[in-house]
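Structure record follows, encoded as structure tokens.
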Amino acid sequence: MCKRTNPRNGRTGRPRSIEADTAILEATRAALVDLGWSKLTMGDVAGRAGVAKTTLYRRWANKNELVVDAVAVLFDELELPDLGSLQADIEHVVLQFAALLERPETKTALMAVVAESTRDEPLRERIRTSIVDRQKRLVLAGRERAQQRGELPHHLDPVAVDATDDLIFDVVAGAVVHRALVSAEPVDGPWAGRLAALLMGGLGAAAAAG
């Protein structure tokens, strides 16, 4: 009988258990809240999740990879409903993002990996690919809907489109993270509305400029 290959690392073995992965990632976030980054160990996570430590190492090479994945699945909860206008869509995502950051497990895990990544380039790259690049899907979806509604023009230059998408993501993510986690100010409806209006004004000016 042929062994199955783990699509994550190319190694052979038994297929991964979704239930085990979920338990491990939940245990990781709980351990971060209770212990903090410096005291968190793979052994502690394994004990909380009720799995062998070798099970963790078959999935994640180290604590850094594990914590980033534990954070990434939380951000996958973000959605972009079609509320009829790009400004309304932006406001919804901003408030949804802020609510996610209010959860202790999100706040603690995100701050921990960002702080650690300042001296760990592989960790920074994993944050970029597992969190940032994955969540840019929201910007892409929002732009496509806005173009279909006629709110934004259809650009022919893919390089300019990619640069604008990156900037929108950076502005939204940076503003919300700074206000919620650095300034510790509320991200409420009026604030989300002002941020969305500011973005819409900038997009309109950019479109007019060509």
Side-chain angles (χ1 to χ4, degrees), residues 5-11 13 15-33 35-46 48-49 51 53-80 93-94 96-143 162-178 180-182:
T5 299
N6 186 329
R8 184 187 186 87
N9 52 31
R11 291 180 289 183
R16 290 179 62 156
S17 163
I18 295 176
E19 292 78 9
D21 282 0
T22 299
I24 291 167
L25 296 177
E26 289 178 351
T28 301
R29 294 190 294 268
L32 271 171
V33 173
L35 304 174
W37 177 277
S38 62
K39 294 182 179 179
L40 176 68
T41 66
M42 298 288 269
D44 182 80
V45 172
R48 289 170 181 252
V51 300
K53 190 159 63 172
T54 53
T55 301
L56 266 67
Y57 281 109
R58 282 199 299 267
R59 291 159 163 78
W60 296 276
N62 52 50
K63 179 172 77 173
N64 291 357
E65 290 187 3
L66 174 60
V67 173
V68 171
D69 281 6
V71 178
V73 297
L74 293 178
F75 286 100
D76 287 342
E77 297 176 13
L78 296 175
E79 298 177 346
L80 184 71
V93 171
V94 166
Q96 193 180 34
F97 184 27
L100 183 62
L101 292 178
E102 288 180 358
R103 291 160 55 175
E105 65 271 27
T106 311
K107 183 186 306 183
T108 303
L110 181 62
M111 295 290 273
V113 294
V114 170
E116 190 67 20
S117 71
T118 60
R119 51 184 178 270
D120 187 333
E121 180 58 34
L123 176 58
R124 188 178 305 131
E125 178 61 25
R126 191 172 183 86
I127 292 172
R128 184 180 301 115
T129 58
S130 297
I131 300 177
V132 176
D133 289 347
R134 256 163 52 185
Q135 296 314 313
K136 285 183 180 177
R137 63 186 171 83
L138 299 170
V139 177
L140 300 178
R143 173 173 55 78
D162 288 344
T164 300
D165 289 344
D166 287 347
L167 182 58
I168 293 171
F169 182 89
D170 290 343
V171 169
V172 172
V176 175
V177 169
H178 187 277
L181 301 185
V182 179

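The structure presented is a predicted model; accordingly, all values stated were derived computationally and were not measured.
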Which residues pass the side chain to side chain donor-acceptor pair (under 3.5 Å) test with D133, sequence neighbours left out?
none
If I compare all heavy atoms of A49 with all of A23, which pair ends up nearest, and what's the gap?
CB-O, 3.8 Å
Nearest-0.5 Å distance, CG of residue L110 to CG of residue L74:
9.5 Å
Of all residues at least two apart in sequence or in a different chain, which pass the side-chain contact (heavy atoms from CB on, under 4.5 Å) check with D120?
N64, P122, L123
For V93, the side-chain contact (heavy atoms from CB on, under 4.5 Å) test, sequence neighbours excluded, returns L80, L138
Of all heavy-atom pairs linking R134 and D76, the shortest is NH2-OD2, 2.6 Å
side-chain contact (heavy atoms from CB on, under 4.5 Å) with V33: which residues, sequence neighbours excluded?
P104, E105, T108
In Å and rounded to the nearest 0.5 Å, what is the OG1 to CZ distance from T164 to F169?
15.0 Å
Sequence neighbours excluded, which residues qualify as side chain to side chain donor-acceptor pair (under 3.5 Å) partners of K63?
none
Could you work out, with side chain to side chain donor-acceptor pair (under 3.5 Å) as the rule, every residue matching D165, not counting sequence neighbours?
R143
Nearest 0.5 Å, please: how far is CG in D69 from CG in L66?
7.0 Å
With sequence neighbours left out, the residues meeting side chain to side chain donor-acceptor pair (under 3.5 Å) with E121 are R124
Who pairs with E77 by salt bridge (charged side-chain N to carboxylate O under 4.0 Å, His left out), at least two apart in sequence or on another chain?
R103
Does any pair with a residue in residues 96-127 pass ring-ring contact (aromatic ring centres under 6.0 Å, His included), and if so which ones, sequence neighbours excluded?
F75-F97
Using 0.5 Å steps for rounding, measure from the CG atom of L25 to the CZ atom of R29.
6.0 Å
Only distances under 3.5 Å count here; give the side-chain donor-acceptor pairs of residues 38-45 to other protein atoms, sequence neighbours excluded, each with its distance to 0.1 Å.
| unit_1 | atom_1 | unit_2 | atom_2 | d |
| --- | --- | --- | --- | --- |
| T41 | OG1 | D44 | N | 3.0 |
| D44 | OD2 | R48 | NE | 2.8 |

CZ/R59 to OG1/T54 distance, rounded to the nearest 0.5 angstrom?
9.5 Å
List for me each residue that meets salt bridge (charged side-chain N to carboxylate O under 4.0 Å, His left out) alongside D166, sequence neighbours excluded, and say none if there are none.
K136
Is any side-chain heavy atom of R137 closer than 4.5 Å to a side-chain heavy atom of L78?
yes
Using the salt bridge (charged side-chain N to carboxylate O under 4.0 Å, His left out) criterion, which residues pair with E102? Sequence neighbours excluded.
none
What's the separation between atom OG1 in T28 and atom CD in E26, rounded to the nearest 0.5 Å?
10.0 Å
How close do V67 and A109 get, heavy atom to heavy atom, and via which atoms?
CG1-O, 4.4 Å
Considering all heavy atoms of both residues, which atom of A72 and which atom of S130 are nearest to each other, and what is their separation?
CB-O, 3.5 Å
